[in-house]
Amino acid sequence: VEALALATLTVADEAAMARFQQEVRELRRAVLGASELTDEVKARLDHLRQALVDAPEADASLMAELEGLKARFDNIVLALKGDRTKAQRNVFQPPAIVNRVERIAADQWYTTQAPTTTHRQAFEWAEAAFAEEMAKLEQLVGDLEALEAKADAAKAPWTPGRVPGR
């Protein structure tokens, strides 16, 4: 019996597809985790803003520092998730990192072919952009923790995400 070679995937293509899908899964896991982290950071920033308003010993420099963190945060979220207001108004915007990764994952879900050049290029772009934004997000979380410590020293009320001072 001789094989007719009618399969849609050769052994090499199947291996390439499996490797690529594994890479996409790992990137998707990290990107969606970072997206959830931004939701938590937003809540922490919002609560800290009110705590600084209520803190008896807080000075204006703490609020200014918080505003700087909020501006950095907004830029990170814009890169990760895109501008929802533009999307609601049908204004063109390039795909955000989450959108691009989700598109690649969806396209690979039922595929019977090796990854296309377009998918590989989109993956490489998303991987590089995510690494850059994740580094910024990690730095922002560290700076937020430092600001929360200053808020605690200023006798600010407890906020989610921080251990109250003794």
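By convention here, the first residue in the shown sequence is residue 1.
Salt bridge status for Asp54 with Arg49: absent, with no side-chain N to carboxylate O gap under 4.0 Å. Between Lys70 and Glu67 there is no salt bridge, since no side-chain N of the basic residue sits under 4.0 Å from a carboxylate O of the acidic one. Salt-bridge check for Arg120 with Glu124: failed, with every basic side-chain N at 4.0 Å or more from each acidic carboxylate O.
Side-chain contact check for Glu65 versus Lys150: some heavy-atom pair is nearer than 4.5 Å. Using a 4.5 Å heavy-atom cutoff, the side chains of Phe20 and Ile104 are in contact. Side-chain atoms of Thr38 and Lys42, non-hydrogen and from C-beta on, never get closer than 4.5 Å to each other.
Of all heavy-atom pairs spanning Lys81 and Asn99, the tightest one is O-OD1, 3.8 Å. Across every non-hydrogen atom of Pro157 and Ala51, the tightest pair is CD-O, 3.4 Å. When every heavy atom of Ile97 is checked against every heavy atom of Phe130, the shortest pair comes out as CD1-N, 3.8 Å. Between Leu69 and Leu140, the closest heavy-atom pair is O-CD1, 3.4 Å. Counting all heavy atoms, side chain and backbone alike, Ala34 lies closest to Met134 at CB-SD, 3.8 Å. A pairwise comparison of heavy atoms in Ala96 and Gly82 identifies CB-N, 3.2 Å as the closest pair.
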Quick one, Arg44 with Glu145, criterion side chain to side chain contact (heavy atoms under 4.5 Å, CB included). Give me CA distance, side-chain angles, the key distance, then yes/no.
CA-CA 10 Å; Arg44 287 171 66 184; Glu145 289 170 355; 3.6 Å; yes

Report the C-alpha separation of Asp143 and Gln139 in whole Å, then their side-chain angles, then the decisive distance to 0.1 Å, and conclude whether the side-chain hydrogen bond (donor to acceptor under 3.5 Å, both in side chains) test is met.
CA-CA 6 Å; Asp143 293 346; Gln139 179 65 47; 3.0 Å; yes

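Leu37 and Val98 fall within a single hydrophobic cluster, where Ile, Leu, Val, Met, Phe, Trp and Tyr are joined by side-chain heavy atoms under 4.5 Å apart, directly or via other members. Connection of Leu32 to Leu78 is not established within any shared hydrophobic cluster, with ILVMFWY side chains joined at heavy-atom distances below 4.5 Å, either directly or through further cluster members. Connection of Met17 to Leu27 is not established within any shared hydrophobic cluster, with ILVMFWY side chains joined at heavy-atom distances below 4.5 Å, either directly or through further cluster members. Note on Trp158: it does not cluster hydrophobically with Leu147, by side-chain heavy-atom contacts below 4.5 Å among ILVMFWY residues. Linking ILVMFWY side-chain heavy atoms closer than 4.5 Å, directly or via other members, places Leu48 and Val141 in a single hydrophobic cluster.
No donor-acceptor distance shorter than 3.5 angstrom exists from the side chain of Gln108 to the backbone of Val24, with no hydrogens or angles considered. Not one N or O on the side chain of His119 forms a donor-acceptor pair closer than 3.5 Å with the backbone of Pro115. A distance-only check finds a donor-acceptor pair linking the side chain of Arg89 to the backbone of Thr85 [under 3.5 Å].
Annotation: Arg28, atom CZ; neighbour count of heavy atoms from other residues, nucleotides and ligands within 6.0 Å does not exceed 12.
Taking CG of Leu137 as the start and OG of Ser35 as the end, the distance is 10.0 Å to the nearest 0.5 Å. Going from atom CG of Leu144 over to atom CD of Glu40 covers 11.5 Å, rounded to the nearest 0.5 Å. Taking CZ from Phe123 and CZ from Arg100, the interatomic distance works out to 13.0 Å, rounded to the nearest 0.5 Å. Between the CG atom of Leu80 and the NZ atom of Lys136 there is a distance of 10.0 Å, given to the nearest 0.5 Å.
No hydrogens or angles considered: nothing links the side chains of Gln22 and Arg19 as a donor-acceptor pair under 3.5 Å.
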